[in-house]
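Input: a single structure, listed below in C-alpha coordinates.
Counting from 1, the numbers follow the sequence of the chain as shown.
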Amino acid sequence: MSEWIHLDSLLYRVVALLIAVLLHDAVQASVALLLGDRTAKEAGRLTLSPVPHMSTLGVLASLFGPFGWSKPVPVSPDRLKGSPKLSALVVYASGLLVNLALGIALWWVFFTVPFQTMDQTVPLWASELIRGIVKWTYIFNLMFFILHLVPVYPTDVWKGLRLFMPKQWEPAVAKYEKLGTVVLIGIVVTPIGQLLLNRCYESLTGIIMNLYSLV
(Lines give C-alpha, C1' and ligand atoms only; values in the text may rest on other atoms or scores of the structure.)
Protein backbone atom coordinates (compact mmCIF):
# COMPACT_ATOMS: atom_id res chain seq x y z
CA MET A 1 0.00 0.00 0.00
CA SER A 2 2.91 2.38 0.61
CA GLU A 3 3.74 2.51 -3.11
CA TRP A 4 0.32 4.04 -3.70
CA ILE A 5 1.51 7.44 -2.44
CA HIS A 6 5.00 7.63 -3.95
CA LEU A 7 5.55 10.80 -5.96
CA ASP A 8 7.22 8.84 -8.75
CA SER A 9 3.87 7.21 -9.52
CA LEU A 10 1.86 10.46 -9.36
CA LEU A 11 1.86 11.04 -13.12
CA TYR A 12 0.65 7.49 -13.71
CA ARG A 13 -2.07 7.95 -11.09
CA VAL A 14 -3.34 11.16 -12.70
CA VAL A 15 -3.44 9.54 -16.16
CA ALA A 16 -5.17 6.46 -14.74
CA LEU A 17 -7.72 8.63 -12.91
CA LEU A 18 -8.52 10.49 -16.13
CA ILE A 19 -9.08 7.21 -17.98
CA ALA A 20 -11.30 5.79 -15.22
CA VAL A 21 -13.35 8.98 -14.88
CA LEU A 22 -13.80 9.64 -18.59
CA LEU A 23 -14.82 6.06 -19.29
CA HIS A 24 -17.21 5.89 -16.33
CA ASP A 25 -18.94 9.20 -17.04
CA ALA A 26 -19.07 8.91 -20.84
CA VAL A 27 -20.64 5.45 -20.58
CA GLN A 28 -23.25 6.63 -18.07
CA ALA A 29 -24.12 9.64 -20.24
CA SER A 30 -24.33 7.42 -23.33
CA VAL A 31 -26.56 4.83 -21.66
CA ALA A 32 -28.82 7.58 -20.33
CA LEU A 33 -29.12 9.01 -23.84
CA LEU A 34 -29.92 5.57 -25.28
CA LEU A 35 -32.68 5.27 -22.69
CA GLY A 36 -34.15 8.63 -23.66
CA ASP A 37 -32.61 11.01 -21.11
CA ARG A 38 -30.69 13.89 -22.72
CA THR A 39 -29.86 15.61 -19.41
CA ALA A 40 -26.19 14.57 -19.37
CA LYS A 41 -25.77 15.41 -23.06
CA GLU A 42 -27.34 18.84 -22.56
CA ALA A 43 -24.99 19.40 -19.60
CA GLY A 44 -21.98 18.69 -21.82
CA ARG A 45 -21.11 15.38 -20.14
CA LEU A 46 -21.27 13.26 -23.28
CA THR A 47 -17.65 14.01 -24.08
CA LEU A 48 -14.15 12.60 -23.58
CA SER A 49 -12.84 16.02 -22.59
CA PRO A 50 -11.87 15.83 -18.90
CA VAL A 51 -12.92 19.41 -18.04
CA PRO A 52 -16.70 18.87 -17.57
CA HIS A 53 -16.18 15.67 -15.57
CA MET A 54 -13.42 16.39 -13.10
CA SER A 55 -14.02 17.16 -9.44
CA THR A 56 -11.27 19.18 -7.77
CA LEU A 57 -11.49 17.16 -4.57
CA GLY A 58 -11.65 13.94 -6.58
CA VAL A 59 -8.42 14.82 -8.37
CA LEU A 60 -6.69 15.85 -5.14
CA ALA A 61 -7.61 12.47 -3.66
CA SER A 62 -5.21 10.87 -6.15
CA LEU A 63 -2.36 12.42 -4.15
CA PHE A 64 -3.11 9.86 -1.44
CA GLY A 65 -3.21 6.79 -3.70
CA PRO A 66 -5.33 5.25 -6.47
CA PHE A 67 -8.40 7.16 -5.37
CA GLY A 68 -10.64 9.76 -6.92
CA TRP A 69 -14.08 10.57 -8.22
CA SER A 70 -15.79 12.87 -10.69
CA LYS A 71 -18.73 15.22 -10.65
CA PRO A 72 -21.98 13.21 -10.59
CA VAL A 73 -23.41 12.60 -14.06
CA PRO A 74 -26.82 14.33 -14.12
CA VAL A 75 -29.66 11.88 -14.71
CA SER A 76 -33.38 12.68 -14.85
CA PRO A 77 -35.20 9.40 -14.14
CA ASP A 78 -38.54 10.83 -15.35
CA ARG A 79 -37.05 11.29 -18.83
CA LEU A 80 -35.89 7.67 -19.08
CA LYS A 81 -37.81 5.02 -20.98
CA GLY A 82 -39.61 2.29 -19.07
CA SER A 83 -39.56 2.26 -15.28
CA PRO A 84 -37.78 5.47 -14.21
CA LYS A 85 -36.14 3.91 -11.18
CA LEU A 86 -35.03 0.69 -12.87
CA SER A 87 -33.75 2.57 -15.92
CA ALA A 88 -31.81 4.94 -13.66
CA LEU A 89 -30.27 1.94 -11.91
CA VAL A 90 -29.13 0.65 -15.31
CA VAL A 91 -27.48 4.01 -16.00
CA TYR A 92 -25.67 4.07 -12.65
CA ALA A 93 -24.63 0.42 -12.94
CA SER A 94 -23.22 0.92 -16.44
CA GLY A 95 -20.42 3.15 -15.18
CA LEU A 96 -19.54 0.76 -12.37
CA LEU A 97 -19.47 -2.26 -14.65
CA VAL A 98 -17.33 -0.64 -17.33
CA ASN A 99 -14.70 0.30 -14.73
CA LEU A 100 -14.77 -3.24 -13.36
CA ALA A 101 -14.51 -4.74 -16.85
CA LEU A 102 -11.57 -2.54 -17.85
CA GLY A 103 -9.83 -3.21 -14.54
CA ILE A 104 -10.17 -6.99 -15.02
CA ALA A 105 -8.99 -6.81 -18.65
CA LEU A 106 -5.93 -4.69 -17.85
CA TRP A 107 -5.11 -6.85 -14.84
CA TRP A 108 -4.83 -9.78 -17.25
CA VAL A 109 -2.73 -7.71 -19.67
CA PHE A 110 -0.36 -6.59 -16.92
CA PHE A 111 0.29 -10.09 -15.61
CA THR A 112 0.43 -11.93 -18.94
CA VAL A 113 2.11 -9.58 -21.43
CA PRO A 114 5.92 -9.91 -21.24
CA PHE A 115 6.70 -6.19 -21.01
CA GLN A 116 10.37 -6.94 -20.38
CA THR A 117 10.74 -8.31 -23.92
CA MET A 118 9.40 -5.06 -25.37
CA ASP A 119 12.85 -3.55 -24.83
CA GLN A 120 13.94 -5.41 -27.94
CA THR A 121 11.52 -3.50 -30.15
CA VAL A 122 10.88 -0.20 -28.34
CA PRO A 123 13.05 2.03 -26.12
CA LEU A 124 13.26 1.13 -22.45
CA TRP A 125 11.50 4.33 -21.39
CA ALA A 126 8.57 3.53 -23.70
CA SER A 127 8.11 0.00 -22.38
CA GLU A 128 8.28 1.29 -18.80
CA LEU A 129 5.75 4.01 -19.62
CA ILE A 130 3.31 1.51 -21.15
CA ARG A 131 3.77 -0.90 -18.24
CA GLY A 132 3.19 1.88 -15.70
CA ILE A 133 0.05 3.16 -17.42
CA VAL A 134 -1.42 -0.36 -17.71
CA LYS A 135 -0.62 -1.11 -14.07
CA TRP A 136 -2.10 2.06 -12.60
CA THR A 137 -5.09 2.07 -14.95
CA TYR A 138 -6.16 -1.40 -13.84
CA ILE A 139 -5.59 -0.45 -10.18
CA PHE A 140 -7.54 2.81 -10.53
CA ASN A 141 -10.47 1.22 -12.34
CA LEU A 142 -10.82 -1.49 -9.71
CA MET A 143 -10.52 1.07 -6.91
CA PHE A 144 -12.95 3.40 -8.70
CA PHE A 145 -15.41 0.49 -8.72
CA ILE A 146 -14.85 -0.10 -4.99
CA LEU A 147 -15.25 3.57 -4.05
CA HIS A 148 -18.54 3.78 -5.93
CA LEU A 149 -19.88 0.97 -3.74
CA VAL A 150 -19.56 3.17 -0.65
CA PRO A 151 -23.14 4.35 0.12
CA VAL A 152 -22.43 8.08 0.44
CA TYR A 153 -22.76 11.05 -1.94
CA PRO A 154 -21.66 11.23 -4.78
CA THR A 155 -21.18 7.50 -5.48
CA ASP A 156 -23.30 5.42 -7.83
CA VAL A 157 -24.59 3.20 -5.04
CA TRP A 158 -25.72 6.30 -3.13
CA LYS A 159 -27.56 7.60 -6.21
CA GLY A 160 -29.23 4.23 -6.62
CA LEU A 161 -30.30 4.11 -2.97
CA ARG A 162 -31.63 7.65 -3.18
CA LEU A 163 -34.11 6.58 -5.84
CA PHE A 164 -35.94 4.43 -3.30
CA MET A 165 -35.90 6.79 -0.32
CA PRO A 166 -39.30 8.05 0.87
CA LYS A 167 -40.30 11.49 -0.40
CA GLN A 168 -40.56 12.83 3.14
CA TRP A 169 -36.85 12.19 3.58
CA GLU A 170 -35.95 14.49 0.69
CA PRO A 171 -35.35 17.74 2.66
CA ALA A 172 -33.09 16.05 5.21
CA VAL A 173 -31.24 14.03 2.57
CA ALA A 174 -30.67 17.08 0.36
CA LYS A 175 -29.40 19.03 3.38
CA TYR A 176 -26.88 16.49 4.58
CA GLU A 177 -25.84 14.46 1.53
CA LYS A 178 -22.99 16.81 0.61
CA LEU A 179 -21.34 15.64 3.82
CA GLY A 180 -20.79 12.39 1.91
CA THR A 181 -17.89 14.03 0.13
CA VAL A 182 -16.30 14.70 3.54
CA VAL A 183 -16.77 11.02 4.39
CA LEU A 184 -15.08 9.99 1.13
CA ILE A 185 -12.17 12.32 1.82
CA GLY A 186 -11.86 10.87 5.30
CA ILE A 187 -11.77 7.36 3.87
CA VAL A 188 -9.00 8.06 1.36
CA VAL A 189 -6.74 10.20 3.59
CA THR A 190 -6.89 8.32 6.90
CA PRO A 191 -4.87 5.17 7.64
CA ILE A 192 -7.94 3.20 8.72
CA GLY A 193 -9.84 4.21 5.58
CA GLN A 194 -6.93 3.28 3.34
CA LEU A 195 -6.54 -0.01 5.18
CA LEU A 196 -10.20 -0.86 4.56
CA LEU A 197 -9.92 0.08 0.89
CA ASN A 198 -6.77 -2.01 0.58
CA ARG A 199 -8.57 -5.01 2.11
CA CYS A 200 -11.45 -4.58 -0.36
CA TYR A 201 -8.97 -4.26 -3.21
CA GLU A 202 -7.11 -7.41 -2.16
CA SER A 203 -10.39 -9.32 -1.93
CA LEU A 204 -11.46 -8.15 -5.39
CA THR A 205 -8.12 -9.02 -7.01
CA GLY A 206 -8.24 -12.38 -5.26
CA ILE A 207 -11.61 -13.07 -6.89
CA ILE A 208 -10.20 -11.98 -10.27
CA MET A 209 -7.22 -14.32 -9.87
CA ASN A 210 -9.54 -17.21 -9.07
CA LEU A 211 -11.70 -16.45 -12.09
CA TYR A 212 -8.69 -16.40 -14.41
CA SER A 213 -7.45 -19.66 -12.93
CA LEU A 214 -10.67 -21.29 -14.14
CA VAL A 215 -10.08 -20.22 -17.75
Side-chain angles (χ1 to χ4, degrees), residues 17 20-46 52-62 64-100 140-201 203-204:
L17 174 62
V21 163
L22 294 180
L23 186 66
H24 175 274
D25 289 10
V27 166
Q28 282 193 343
S30 299
V31 172
L33 184 62
L34 287 173
L35 293 177
D37 180 15
R38 299 178 59 84
T39 305
K41 179 178 175 60
E42 292 166 355
R45 299 298 295 275
L46 191 61
H53 301 293
M54 301 310 296
S55 160
T56 301
L57 291 176
V59 173
L60 290 176
S62 66
F64 298 91
F67 317 118
W69 54 87
S70 60
K71 298 175 184 176
V73 176
V75 178
S76 299
D78 292 340
R79 300 177 71 177
L80 293 167
K81 300 174 183 176
S83 168
K85 292 182 179 180
L86 292 179
S87 295
L89 285 178
V90 170
V91 173
Y92 299 142
S94 66
L96 275 173
L97 294 177
V98 75
N99 286 126
L100 178 62
F140 250 95
N141 274 274
L142 294 180
M143 191 59 75
F144 206 73
F145 171 79
I146 291 170
L147 273 178
H148 271 279
L149 296 180
V150 179
V152 297
Y153 177 89
T155 68
D156 289 329
V157 162
W158 168 256
K159 289 181 283 188
L161 291 174
R162 206 174 190 279
L163 292 170
F164 298 92
M165 292 181 182
K167 292 291 185 182
Q168 59 267 31
W169 290 12
E170 183 66 28
V173 170
K175 181 179 180 180
Y176 293 108
E177 74 173 354
K178 293 298 177 68
L179 292 176
T181 303
V182 178
V183 174
L184 277 184
I185 294 172
I187 291 174
V188 302
V189 304
T190 60
I192 183 65
Q194 291 195 4
L195 179 63
L196 290 173
L197 289 174
N198 187 53
R199 291 290 182 268
C200 292
Y201 175 81
S203 297
L204 181 56

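Residue pairs meeting the salt bridge (charged side-chain N to carboxylate O under 4.0 Å, His left out) criterion with at least one member in residues 179-197: none, sequence neighbours excluded. For residues 172-185, the pairs satisfying salt bridge (charged side-chain N to carboxylate O under 4.0 Å, His left out) are R162-E177, with sequence neighbours left out. Sorted by first then second residue, the salt bridge (charged side-chain N to carboxylate O under 4.0 Å, His left out) pairs that include residues 141-158, not counting sequence neighbours, are D156-K159. Residue pairs satisfying the side-chain hydrogen bond (donor to acceptor under 3.5 Å, both in side chains) criterion with at least one member in residues 80-100, sequence neighbours excluded, are listed as follows: N99-N141. Applying the ring-ring contact (aromatic ring centres under 6.0 Å, His included) test to residues at least two apart or on different chains, none of the pairs has a partner in residues 174-197. The ring-ring contact (aromatic ring centres under 6.0 Å, His included) contacts involving residues 146-173 comprise H24-H148, F144-H148, where partners must be two or more places apart or lie in separate chains.
Taking CG of L100 as the reference point, atom CG of L149 lies at 9.0 Å (rounded to 0.5 Å). Rounding to the nearest 0.5 angstrom, the gap separating the CG atom in L197 from the CG atom in L204 is 12.0 Å. Taken from CG in L195 to SG in C200, the straight-line distance is 9.5 Å, to the nearest 0.5 Å. L147 contributes atom CG, which lies 7.5 Å from atom CH2 of W69 (distance to the nearest 0.5 angstrom). For the atom pair L161 CG and L89 CG, the distance stands at 9.0 Å (nearest 0.5 Å). Taking CG of L33 as the start and CD of E42 as the end, the distance is 9.5 Å to the nearest 0.5 Å.
When all heavy atoms of P154 and P72 are compared, the pair lying nearest together is CB-CG, 3.5 Å. Of all the heavy atoms in D37 and S76, the pair that sits closest is OD2-N, 2.7 Å. Nearest approach of A88 to L163, heavy atoms of both residues: CB-CD1, 3.6 Å. Nearest heavy atom pair, residue S62 against residue L17, reads CB-CD2, 4.1 Å. When every heavy atom of L46 is checked against every heavy atom of S30, the shortest pair comes out as CD1-OG, 3.2 Å. The nearest pair of heavy atoms linking P74 to A43 is CG-CB, 3.9 Å.
Looking only at side-chain heavy atoms (C-beta outward), R45 and K71 come within less than 4.5 Å of each other. With a 4.5 Å cut-off on side-chain heavy atoms, L60 and I185 do not count as touching. Side-chain contact check for V59 versus V21: every heavy-atom pair is 4.5 Å or farther apart. Considering only heavy atoms from C-beta on, Y201 comes within 4.5 Å of I146 through its side chain. Residues L196 and I187 fail the side-chain proximity criterion, which asks for heavy atoms closer than 4.5 Å. Contact of the D25 side chain with the P52 side chain is not registered, since no non-hydrogen atoms from C-beta on lie closer than 4.5 Å.
Using modelled atom types, no side-chain atom of Q28 and backbone atom of V75 make a donor-acceptor pair closer than 3.5 Å.
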